[in-house]
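Just the heavy atoms: all of them, side chains too, but no hydrogens, waters or symmetry mates, feed the values below. To find a chain, count down the sequence lines: A is the first, B the second, and so on, and within it residues start at 1.
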2 protein chains.
Amino acid sequence: MMKETDICPRFEKAISILSQRWTALLIHQLLTGQKRFGSIKTSVGISGKVLSERLKEMEKQGIIKRKVIPETPVIIEYSLTEKGISLEPVLREVEKWSQEWISADET
Amino acid sequence: MMKETDICPRFEKAISILSQRWTALLIHQLLTGQKRFGSIKTSVGISGKVLSERLKEMEKQGIIKRKVIPETPVIIEYSLTEKGISLEPVLREVEKWSQEWISADET
DNA sequence: TCAATAAGTTACTTTATGTAACCAAGTATA
DNA sequence: TATACTTGGTTACATAAAGTAACTTATTGA
């Protein structure tokens, strides 16, 4: 049988990035400014292991950048790249949708 | 330590729905009209097992509806509810972003 | 010397997803 | 009459992803 609707590969890739667990939430946090590992971990509630994995993936995808500050102990600042910042409209639409369609008792 | 940015529970719930694997792609498919189980399965490339799980979850979340047509063999039509349709702007933004930021060689 | 800190990593457990075979009911085919 | 085909699933089993908690490295202050 043939596929009746061919999905655009760019769109499919975008969805695969954004529907990776935690990724959208991490971008959302970084939209408020650069953040450190421990701060992200605490505010998002993700495990160190998966956070570390995600940050590496997102860096490879060009969505975030990692800045090492050689203090003691070392400080690492994570921030969005231009590509990452450009996801803001997507998250804004999710936010709008959630305000309109998610009721208090289903949170 | 305190959370420095509290995440809105509605937004968090919306993200948890949309970042569930396959869900966004299923909504995208259904935005082109009602579809049957087998047709979704083929066009999206999802396993029958997980498709069945997702459709049940999405029905419970009020995003899709299920219509039984007692022909032989039985036909089941899946379509978006108003709540589901209202996710179109979200997916449109993802589509726009993907056109601008996903290069051909990373697909 | 001991404790503390930041950013991870490691070993191990639990959960989610993929695969392929199977099922029921009805119908057309041989 | 028996067999095969169809749809929309389900089941058992295998693999991949995520969660948990303890541990690591380097440095500094008590």
With a cut-off of less than 4.0 Å, is there a side-chain N or O of A/Arg66 near OP1 or OP2 of C/dG8? yes
Report the distance from atom NZ of A/Lys41 to atom C1' of C/dA7, rounded to the nearest whole Å. 10 Å
Length of the NZ-P vector between B/Lys35 and D/dG9, whole Å: 16 Å
Using the C1' atoms of the five pairs at each end, what is the angle between the end axes of the helix from C/dT1-D/dA30 to C/dA30-D/dT1, to 10°? 30°
Atom-to-atom span, CD of A/Gln34 to C1' of C/dA6 - whole angstrom: 16 Å
Taking only residues two or more places apart in sequence, or in another chain, which ones meet B/Tyr78 in a ring pair (Phe, Tyr, Trp, His ring centres under 6.0 Å)? none
Residues from residues 68-78 of chain B lying under 4.0 Å of DNA chain C - heavy atoms: B/Thr72
Starting at CZ of B/Arg36 and ending at C1' of D/dT7, how long is that distance when rounded to a whole Å? 7 Å
Flag, side chain of B/Arg10 to backbone of A/Ile102, donor-acceptor distance under 3.5 Å: yes
Exceeds 12 heavy-atom contacts within 6.0 angstrom, atom NZ of B/Lys83: yes
Would A/Ser43 and A/Gln29 count as having a side-chain donor-acceptor pair, cut-off 3.5 Å? yes
Can you sort out the partners of B/Lys65 under salt bridge (Lys or Arg N to Asp or Glu O under 4.0 Å), two or more places apart, ordered by chain and number? none
Treating primed atoms plus P, OP1 and OP2 as sugar-phosphate and everything else as base, which nucleotides of nucleotides 11-22 of chain D get B, S or - for protein heavy atoms under 4.0 Å? BB-----BBB--
Quick check against the 3.5 Å criterion: does A/Ser98 have a side-chain atom that pairs as donor or acceptor with the backbone of B/Ala14? no
Please walk me through it: do B/Ser103 and B/Glu106 pass side chain to side chain donor-acceptor pair (under 3.5 Å)? CA-CA 6 Å; B/Ser103 67; B/Glu106 58 183 313; 3.3 Å; yes
Establish whether B/Leu30 and B/Ile69 are linked, either directly or via other cluster members, by ILVMFWY side-chain heavy-atom contacts under 4.5 Å. no
Atom pairs and distances, donor-acceptor, side-chain atoms in residues 15-27 of chain A, under 3.5 Å, two or more places apart:
from, atom 1, to, atom 2, distance (Å)
A/Ser16, OG, A/Lys13, O, 3.0
A/Ser19, OG, A/Ile15, O, 2.9
A/Gln20, NE2, A/Glu57, OE1, 3.3
A/Thr23, OG1, A/Gln20, O, 3.4

Report the C-alpha separation of A/Thr107 and B/Glu12 in whole Å, then their side-chain angles, then the decisive distance to 0.1 Å, and conclude whether the side chain to side chain donor-acceptor pair (under 3.5 Å) test is met. CA-CA 8 Å; A/Thr107 58; B/Glu12 208 165 359; over 6 Å; no
Rounded off to whole Å, could you give me the CG-to-P distance for the A/Leu51 and C/dA6 pair? 15 Å
Check the phosphate of D/dG8 against B/Lys56, side-chain N and O only, distance under 4.0 Å to OP1 or OP2. Yes or no? no
Are more than 12 heavy atoms from other residues, nucleotides or ligands located less than 6.0 Å from atom NZ of B/Lys96? no
